[in-house]
Every structure is written in C-alpha cells, then in structure tokens.
Amino acid sequence: MAIIARQLWETNTLKTGDSTNSLAVRAAWMSFIGRSTQGEIAKRLGVSAAKVHRLIAHAQKEGLIKFQVEARPAECMELEESLVSEFDLNNCIIAPDLGGSEDPFSGVASAAGQFIHRLISVPEVRRVGMGMGRTLLASVVAMPHLHKPELDVVSISGSLTRRLSANPFDVVQRLQMDTGAEGFYLPVPYMAETKEERDMFLSQRSVQELLARARASDLFVLGIGSVSRDSHLVQRRLITEQEHSELLSSGACCDLLSRFVNPNGSISSVSLNDKAVGLHYEDVRGARVVAVAGGTEKAEATLAALRTGVITDLVIDEPLARDMLSLLERQKISLSQD
C-alpha cells in the first residue's frame with residue numbers, strides 16, 4: 001500500500017518571507033518524497049532532529065501535505081463489485097470505514113478527490129459540470145494539485161440561496177481556484193420561490209446561455225442529497241418547512257440535481273420539482289456522470305439516485321455501501337413476498 005505526500009502549490013499557501021512554512025515544506029519533501037530520515041534531514045538543514053519533527057508536524061497541520069493511499073481493502077472491492085453488477089456502473093469506488101473519524105467526509109472525500117483528479121486530468125475533458133454539497137466540496141478540497149487553465153468549470157444548479165446569498169457548499173469557486181480554470185456560476189437560486197419565478201429566471205438570456213454551456217460538459221460531477229432534517233436543503237434553508245413536509249408526505253427520499261426522486265427511481269409529484277432552476281438529471285443522461293455520497297443516512301437516497309439510470313460512476317464510503325446493500329436485500333425480500 002503506497003502513500004504519496006504532495007505539496008499544495010496554491011498561491012496563497014506560502015507567503016513571501018514565511019520562513020517556517022518554507023522550511024516545513026522542504027522538510028516534508030525530504031521526508032516523504034526523498035525518503036530521508038529525520039536525522040539526515042536535520043543534518044542537511046542544519047537544525048535538530050526535534051526541530052525537523054516539529055516542521056513536518058507543522059506542514060501537516062497547515063495542510064501543506066496531502067496523503068493518498070493507493071489501494072483499498074479486499075472487503076471494499078467486494079462491495080464495489082456487487083454495486084457495479086447491480087447497477088451496471090462503469091466504476092464504483094468505496095472508501096474504507098475510518099472507525100469513528102472526527103470528519104465524517106474525510107474517507108470518501110479522499111477517494112473522490114483522487115478519482116475526480118484522474119478524470120479531469122485527461123486532455124479530452126475541457127469542461128466539467130459541477131453540482132454542490134458538503135461531500136462534493138470536501139472532495140474537491142482533498143483533490144491532488146492540478147494546473148489546467150484551459151478547463152471550464154460550470155455550475156449545473158443554481159449557485160445562490162433563496163435570499164440570493166452565496167451558497168457555502170458551491171464547488172465551482174474552489175475547483176476554479178485549485179486548477180486555474182475558468183469558472184461559470186449560475187446566478188440564480190437553487191430553488192425559486194414559485195414556478196412563475198423559475199420561468200422568469202429561465203427566460204433570461206444569460207441563464208439560458210449558462211445552462212447550454214453546462215449541458216455541453218464533457219463530464220458531470222454531482223452529489224446525492226437526502227430529504228432528512230439534517231440534509232443540506234433543510235440546514236441551509238433552501239426549502240421551507242412546508243415544502244419539507246410535502247417532500248416527506250410524498251415519499252420522496254432523494255435530491256438529485258434539485259429534483260426529488262422516490263425510492264424506485266421515479267420523479268416524485270411535488271411542487272418543488274417545478275421550482276428548480278438548474279439542469280434536470282435527464283439533461284445529463286448518456287454522459288459521464290460521477291456521483292459522490294457519504295454517510296449511512298443516505299442509503300435510500302443513493303439507491304434511488306442509482307435507479308434513475310443516470311449515474312455512471314459512484315464514489316461512496318464503506319458504511320454507506322454496507323447499508324445500501326443491506327437495504328437492497330430487504331427491498332428484494334419485500335418485493336418477493338408481495
């Protein structure tokens with residue numbers, strides 16, 4: 001199992017005159033890339049071994065080092081094979097259970113960051129349509145460094161809240177900053193207040209042009225949302241309490257590109273589906289569509305999203321995968337008894 005350490009070459013990481021960061025990065029390169037011992041590094045830098053230890057710890061704390069584990073346990077690979085077979089996926093990548101990590105998204109974010117990096121590194125991918133959400137943002141933050149200024153990063157959902165404030169889980173700005181790409185934001189709310197307001201947004205030429213640009217993406221990367229009280233929708237007040245109650249009453253369990261889906265993968269009959277401003281998931285059908293999700297509370301939502309038949313590649317964590325397969329088995333038993 002190989003572990004690779006990489007320096008983050010972001011312009012705001014090392015500041016002119018910041019000798020501690022500079023020395024910490026040099027020590028990290030000698031240790032993780034050069035495979036030198038702390039004693040050898042201390043001799044070359046003219047400092048004590050204890051100082052080298054502190055420098056490397058500083059580099060890790062400041063986020064100047066990223067680790068990649070380039071393998072997965074056999075159990076995860078067995079789960080991957082089951083989901084690939086069940087849903088005819090191109091790829092399923094399952095991050096191992098981290099055993100109660102303080103950051104619930106760190107495992108899946110690391111796996112997704114590496115996978116997204118590989119996909120957008122190829123010359124053929126010149127435009128990527130990005131969704132939003134906590135897990136997706138964590139994945140982009142965890143992504144290894146890539147400089148690709150010729151890349152276009154396009155929002156495929158409204159980039160604002162209903163109050164027209166910036167959505168903190170919009171991914172475009174972060175990916176644009178990390179890659180040097182050009183970012184295109186959809187300057188409308190994730191959800192309009194009414195169907196009439198949605199139609200007004202969609203009538204604007206700038207919105208039509210951005211949506212057309214988004215549809216022409218070479219790759220789509222999106223999150224899968226639940227409709228629970230802890231969901232992004234509810235926590236960020238993207239929907240009202242009344243709308244949330246309507247969702248729960250309808251049986252909808254999944255938010256896929258701001259459209260709400262039932263457990264069987266069909267569109268739910270709720271008013272919110274007439275208020276979404278971004279791309280519909282039918283707009284991306286037939287393209288390369290990578291979905292990223294984490295957390296056991298998303299088992300039903302992720303199965304529903306897969307049943308739409310839109311998703312081609314899936315990145316999730318081990319606890320979610322186990323819950324999904326357990327739920328899938330119970331659903332099959334229930335159907336056989338009806």
Side-chain angles (χ1 to χ4, degrees), residues 1-73 76 93-122 134-151 153 168 171 173-181 183 292 294 315 317-318:
M1 186 177 296
I3 298 180
I4 301 176
R6 299 179 184 270
Q7 179 184 350
L8 290 177
W9 290 99
E10 299 173 15
T11 56
N12 61 343
T13 298
L14 296 180
K15 299 176 182 178
T16 303
D18 192 341
S19 58
T20 299
N21 271 5
S22 182
L23 198 60
V25 168
R26 186 175 296 279
W29 272 87
M30 290 178 178
S31 175
F32 294 107
I33 307 301
R35 305 290 185 183
S36 299
T37 66
Q38 290 190 4
E40 290 169 339
I41 297 169
K43 185 175 181 180
R44 290 184 61 186
L45 296 182
V47 298
S48 68
K51 173 74 170 179
V52 171
H53 178 79
R54 291 196 298 271
L55 285 169
I56 294 174
H58 173 78
Q60 292 173 321
K61 181 179 179 181
E62 293 298 311
L64 306 178
I65 302 170
K66 289 187 178 182
F67 295 95
Q68 294 176 215
V69 184
E70 296 189 333
R72 294 186 301 284
C76 288
I93 299 173
I94 297 176
D97 186 354
L98 299 183
S101 169
E102 292 183 2
D103 182 356
F105 302 115
S106 57
V108 67
S110 178
Q114 294 177 49
F115 186 57
I116 295 168
H117 177 271
R118 290 199 299 272
L119 292 178
I120 66 176
S121 294
V122 300
R134 291 171 290 188
T135 311
L136 205 55
L137 179 59
S139 302
V140 170
V141 171
M143 202 179 80
H145 173 74
L146 173 67
H147 183 65
K148 192 171 181 179
E150 68 273 23
L151 183 70
V153 183
V171 181
Q173 182 178 15
R174 179 67 196 220
L175 188 56
Q176 174 189 12
M177 179 180 71
D178 288 354
T179 60
V292 181
V315 187
D317 55 31
E318 187 176 4

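Sequential numbering from 1 along the given sequence is applied to the chain's residues.
Put simply, the side chain of Met30 reaches to within 4.5 Å of the side chain of Leu45, judged on heavy atoms. For the pair Asn21/His58, a side-chain contact is recorded, criterion being any heavy-atom separation below 4.5 Å from C-beta on.
Annotation for Gln173: atom CD does not count as buried by contact number, only 12 or fewer foreign heavy atoms lying within 6.0 Å.
Note that the CG atom of Asp317 and the OG atom of Ser110 stand 12.0 Å from one another [nearest 0.5 Å]. Atom CG in Leu55 sits 11.5 Å away from atom CZ in Arg26 (nearest 0.5 Å). For the atom pair NZ (Lys61) and CZ (Arg54), the distance works out to 13.5 Å, reported to the nearest 0.5 Å. Between the CD1 atom of Ile41 and the NE2 atom of His53 there is a distance of 12.0 Å, given to the nearest 0.5 Å.
Minimum heavy-atom separation, Ala109 to Ala142: O-CB, 3.6 Å. Considering every non-hydrogen atom in both Ala181 and Val153, the closest pair reads CB-CG2, 3.8 Å. Across all non-hydrogen atoms, the minimal contact from Ala111 to Ile93 is CB-CG2, 4.1 Å. Ser139 and Val108 get closest at one heavy-atom pair: OG-O, 4.3 Å. The shortest non-hydrogen separation linking Pro144 to Gly113 is CD-O, 3.7 Å.
Side-chain atoms of Lys51 never come within 3.5 Å of backbone atoms of Gly46 as a donor-acceptor pair (strictly under, hydrogens ignored).
Of the residues listed (His145, Met143, Glu150, His147), the one engaging Thr179 in a side-chain contact (heavy atoms from CB on, under 4.5 Å) is Met143, and it is the only one.
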